Number of protein chains: 2
Amino acid sequence: MANRRASITDLAKELKLSASTISRALANHDDVSEATKQRVRALAAELNYQPNQLAAALRKGRSNTLGVLVPHITGHFFPLVVHGIATEASKAGFNVMIFQSNEDEQQERKNIDLLMNAQVEGILVSLANTTQHFEHFEAVQKQTVPLVFFDRIIEGMEGQKVAAVSLDDYQGAYEVVSHLVEQGCTRIAHFTGPLHLNIHKNRHQGYLDALQAHGLPVEEPLTVFCSMDQKGGRQGMQKLLRLAAPPDAVFSSNDLAAVGALQLVKEKGLRVPQDIAIVGFSNEKFTSLTEPTITSVDQRCEQMGQTAVRLLLKMLNATSETAAPPQNIVLKPKLLIRESSSRKPQ
Amino acid sequence: MANRRASITDLAKELKLSASTISRALANHDDVSEATKQRVRALAAELNYQPNQLAAALRKGRSNTLGVLVPHITGHFFPLVVHGIATEASKAGFNVMIFQSNEDEQQERKNIDLLMNAQVEGILVSLANTTQHFEHFEAVQKQTVPLVFFDRIIEGMEGQKVAAVSLDDYQGAYEVVSHLVEQGCTRIAHFTGPLHLNIHKNRHQGYLDALQAHGLPVEEPLTVFCSMDQKGGRQGMQKLLRLAAPPDAVFSSNDLAAVGALQLVKEKGLRVPQDIAIVGFSNEKFTSLTEPTITSVDQRCEQMGQTAVRLLLKMLNATSETAAPPQNIVLKPKLLIRESSSRKPQ
DNA sequence: TTGAAAGCGCTAACAG
DNA sequence: CTGTTAGCGCTTTCAA
C-alpha cells in the first residue's frame, strides 16, 4: 500500500497545531517553545516526514539548485571539473542539475531553457565548440540569474563582460618551452589543433613568445597542425622527422598526440628525451604510465570547478549595490616534469 | 533593471484571457482555438516566457527529474556511466540531479534524503563501499519512488528483491582465464582486492571456476591480495616472482595493478607475454597506450547507465497492476585481446 | 471555446 | 508562543 508522503498539514492535524507552527518548529525558529519543537520533531521522525523542496522553493523563490551545462561528461577533463563543482556545491548546500550539450549549439540553447525552467539559482557553463551565437546566455543574464563560464569561455559577449574561470594556457605553454630550453633543446616543434579554439590559440602563442624570449628562431614548419589524437601525433611526428633539420623537442597541445609522437620516435630507433624530448598538455592519467613517462601540464580541473562555484555563490550573494563587475579568474597551470623531457640529472 | 520573469498570469492580463486558457494554449490543448493559441504563443515568445517547472511539478506531483547518487565522479568508470545516464534521461525528457556519497554511508543517507526532498521521480544508485545498512533505501521504496541500483548493488535487501543493473564480472573473469589457457598459459595467478566487494568476489570466483573447468590446479599462493593500484601491482608481482614456481600469467582484477605488474616484469628482464602474460580489467584508456598494450575487459559503462535509466523508466510507467517483480539485469562484458596476452599469432 | 475556483505544500506577514 | 490569511505559478475540474 502506497504510504502517501506526510506533509506539514498532516503533522498539524495530528498534533492539533497550525501548519505555520509546524513549519517554524521544523525550521527551528526561536519563537516556538522547546516542548512544541520536541513534539513536532518526534512526529516528523515517526512519520518519516520529508519536506517538499519544490513547494518551499516555489514559495521562497529560491530553488537551492545550481545548473551545470557541459559539452559532455567523458574524457579526462570534464568529469574532474564536474566533480569539483558537485563537491563544492554540496558543501554550500546546493543541489546540482546537469546537462550535456554534446557540442551542439541547439542542444545548448535547449538545455539553458530547461535549466531556467527548473528555476536554478545560477548556471555554470562550458561552451559547445560549435557555439557561435550567445543570445541564450544574454537571456539568462537579463533574468538576473548569475552565469559563470569555465574553460571554454566567451571572449567578449557583445561587449559585456561575463564571469569566467579558465586556465592560463599561454602561461602553461610558455613554461613548457622554457623548461625544454633549460634542458638544452634548441629546435622545439609544436603540435596544435585549429587555432580558432582558444586553448590552442593561447598555447600556440605561449609557444611562440617563449621561443622569442629565449632567442630561438621561430620556424614555420615546426608548428604542425594535426588531429589531436594518437594517430595525429604519429603523423605529425612523421612529418617532423622528414624535415631537413628535424626538431630536438616536441611540445604537443595535448597528451594523446604526445603519446602518438612518442611511439613513433621509439619505433624509429630514436631515444626520448635524448634525441627528441616530448611534452604533452593536460596531465592525463596515462602520462605517468608510458615509457618513458610524459612531462605534461596539469589543468587544475577540480580547482576550476571549485573556483567556478565559489565565484557563482559570490555573485549570488551580492546585492545590486555590492555587485562588482564580472570577475575573470585565470588559474595557474602546473608543469609536471617527467622522464620524456628530463635530459639533465636533477 | 531586473526584468521579473513573465508568468502565465502576466500573459493572461496582457491578452485579457484567463490563466487557464493560457495554460491550455501553451500545452497545445485541442479545446483552444487556433487563433488564441497563436496570440498566446506570440506574446510568450515576445516576453520570453519561461514556464516555472517548480510550480508545474508541485501542481502535477511530477518533477520530471531523476536522481543519481554515485560514490564519486572521478576515475574511469563513473563518469562514463553518468554520461550514459544523463544522455538517456535527456532523451526521455528528464532532468538529472547528481550527488556524490564520497564512499561514505552517512553522506549517502543524507543525499538520498535530499533527492527525496527534491521530489525526484526515481533514483539511480551505486553504493558507497562502506554502506552496511539499507534502511534509507527501504524508505525510498516505501514512498514508492522507483529505485535502480547499478554496478555496486545490494545482493538481497532484507529479503526483498531490488532492481539492479550490473556487469557479469564472473563471466568476464572466466573468459580471461579461458583466453589465457588458449594462449598456452598453465600457471595463472590472480590479483584481487578484498573479497567482501562483489566485483572482486565474483571475478575471483570466475577465475577459480575457469581454472577448474580447464583442468588446471588451483594453488592458493597464486591468488594475491594486493592494493589495486600501480604500486600494489608491483608488490604483488614481486611476491609471485619469488615463488618456487612462478606463474606464466597474471590476471589482475583491475588495470592499474596490471600496469604495475607489467612494469616490474619488464624491469626484471622478462618478456610480456612470452614469459608472463598479463590481463587487466576495466579497459581504461591507458591499456592501449602501454608497451605492450594490455588485454582487458570492457565494462560497458555507458550501456550500464543507459540500461539503468530504461529500467527505471519502465518501473515509472508500470501501474501497480502491470508491475513485474524487480528486474536484475546483468550485462555481458567484452574481452579485448591486446599484446600483453597474445602469445600465438592470430 | 473560455473562465472561475480550488489547491499542490510550504512560508511569511500580521495579529493576537 | 501560536494561529489566520494569503499567495508562490501552475493545472484541472466544473460550469458556463
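The structure displayed is predicted, hence computed values, not measured ones. Scope of the values below: all heavy atoms of this structure, side chains included, with no hydrogens, waters or symmetry mates. Note on naming: letters A, B, ... go to the chains in the order of the sequence lines (proteins, then strands), and numbering restarts at 1 for each one.
B/Q303 CD: more than 12 foreign heavy atoms inside a 6.0 Å radius.
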Pair B/R24, B/T21 - check side-chain contact (heavy atoms from CB on, under 4.5 Å), show working.
CA-CA 5 Å; B/R24 284 185 285 239; B/T21 301; 4.1 Å; yes
Could you go through the side-chain contact (heavy atoms from CB on, under 4.5 Å) check for B/R152 and B/T131 one step at a time?
CA-CA 10 Å; B/R152 306 218 202 137; B/T131 300; over 6 Å; no
Quick one, A/S33 with A/T36, criterion side-chain hydrogen bond (donor to acceptor under 3.5 Å, both in side chains). Give me CA distance, side-chain angles, the key distance, then yes/no.
CA-CA 5 Å; A/S33 75; A/T36 307; 2.6 Å; yes
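A side-chain donor-acceptor contact under 3.5 Å links B/D10 to the backbone of B/S7. In terms of modelled atom types and a separation under 3.5 Å, the side chain of A/T130 and the main chain of A/E103 share a donor-acceptor contact.
Within the 4.0 angstrom heavy-atom criterion, only backbone atoms of the sugar-phosphate kind lie near A/I8; the bases stay farther away.
The distance from atom CZ of A/R59 to atom C1' of C/dG7 is 15 Å, rounded to the nearest whole Å. When rounded to the nearest whole Å, the span between CG of A/N28 and P of D/dC1 equals 13 Å. Separating the NZ atom of A/K13 from the P atom of C/dG9 is a distance of 10 Å, rounded to the nearest angstrom.
Rounded to 10 degrees, the angle separating the terminal helix axes of the helix from C/dT1-D/dA16 to C/dG16-D/dC1, each built from five base pairs, is 40°.
When each of A/L124, A/I123, A/N117 is checked for a side-chain contact (heavy atoms from CB on, under 4.5 Å) with A/V120, only A/I123 meets the rule. Each of B/V81, B/T87, B/L80 was compared with B/E302 under the side-chain contact (heavy atoms from CB on, under 4.5 Å) criterion, and only B/L80 meets it.
The distance from the OG1 atom of B/T307 to the CG atom of B/L311 is 8.5 Å, given to the nearest 0.5 Å. Distance check, rounded to the nearest 0.5 Å: CD of B/Q107 to CZ of B/F99 gives 11.0 Å. The distance from the CG atom of A/L115 to the CD atom of A/E121 is 13.0 Å, given to the nearest 0.5 Å.
Contact annotation: A/Y49 does not reach the phosphate of C/dG9 (side-chain N/O to OP1 or OP2, under 4.0 Å).
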Distances for protein N or O near nucleotides 3-5 of chain C N or O, under 3.5 Å:
{"unit_1": "C/dG3", "atom_1": "OP2", "unit_2": "B/S18", "atom_2": "N", "d": "2.8"}
{"unit_1": "C/dG3", "atom_1": "OP2", "unit_2": "B/S18", "atom_2": "OG", "d": "3.1"}
{"unit_1": "C/dG3", "atom_1": "OP2", "unit_2": "B/T21", "atom_2": "OG1", "d": "2.8"}
{"unit_1": "C/dG3", "atom_1": "N7", "unit_2": "B/R24", "atom_2": "NH2", "d": "2.7"}
{"unit_1": "C/dG3", "atom_1": "O6", "unit_2": "B/R24", "atom_2": "NH1", "d": "3.0"}
{"unit_1": "C/dG3", "atom_1": "O6", "unit_2": "B/R24", "atom_2": "NH2", "d": "3.3"}
{"unit_1": "C/dA4", "atom_1": "N6", "unit_2": "B/S20", "atom_2": "OG", "d": "3.1"}

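Residues of residues 30-47 of chain A having a heavy atom closer than 4.0 Å to DNA chain C: none are found.
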